[in-house]
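Take a look at the structure set out below.
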Amino acid sequence: MTHDEELLHIDQVIDRLDSRFPDLPRESVEQVVRSAHEHFATGKVRDFVPLLVERLAREKLQGLVPVVPVEPEAAPKAGSEVMSSEVIARRRSWAGWLRGWYPDTRMPIAAAATE
């Protein structure tokens, strides 16, 4: 890869990360990518530099974007109207299938201990 091709790839990295992080100003994205590119400036093998730059810059940019916690949806209860008969039938078939693979290994330990 020539130096010009590498710079073209770095510009494409800036464009991709700019579209991935729309809340951040483009100047900030460009600065982070250029900084990551300088990190790999002394490397001898240049073929994977754009990929490595993109990964490093993405990790740094993810640290700049505030994370909004997402509330998980409550799991439907067995008696609720949300569960369809198809879901219940599928669960029953899985239970039967698993029973064939995992035989009941419970032994009458209490009975053996009393003898």
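By the criterion of side-chain heavy atoms lying less than 4.5 angstrom apart, applied directly or through intervening Ile, Leu, Val, Met, Phe, Trp or Tyr residues, L51 is not grouped with V49; the two fall into different hydrophobic clusters. Put simply, F48 and M1 are part of two different groups of oily side chains (I, L, V, M, F, W, Y) that touch within less than 4.5 Å, one to the next.
With rounding to the nearest 0.5 angstrom, the OG atom of S28 is 10.0 Å from the CG atom of D18. In this structure, the separation between CZ on F21 and CG on L61 is 5.0 Å, given to the nearest 0.5 Å. Between H37 atom NE2 and L56 atom CG the span is 12.0 Å, to the nearest 0.5 Å. L24 CG to Q62 CD: the interatomic distance, rounded to the nearest 0.5 Å, is 11.0 Å. Distance check: L7 CG to Q12 CD gives 11.5 Å after rounding to the nearest 0.5 Å. Distance check, rounded to the nearest 0.5 Å: CZ of R26 to OG of S19 gives 9.5 Å.
At most 12 heavy atoms of other shown residues, nucleotides or ligands fall within 6.0 angstrom of atom CZ in R55.
The shortest distance between side-chain heavy atoms of E5 and L8 does not fall below 4.5 Å. Side chains of R34 and I14 form a contact here, defined as non-hydrogen atoms less than 4.5 Å apart.
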Apply side chain to side chain contact (heavy atoms under 4.5 Å, CB included) to V33 and E54, showing your working. CA-CA 7 Å; V33 171; E54 185 167 2; over 6 Å; no
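Here the closest non-hydrogen pair linking A57 and L17 is CB-CD1, 3.7 Å.
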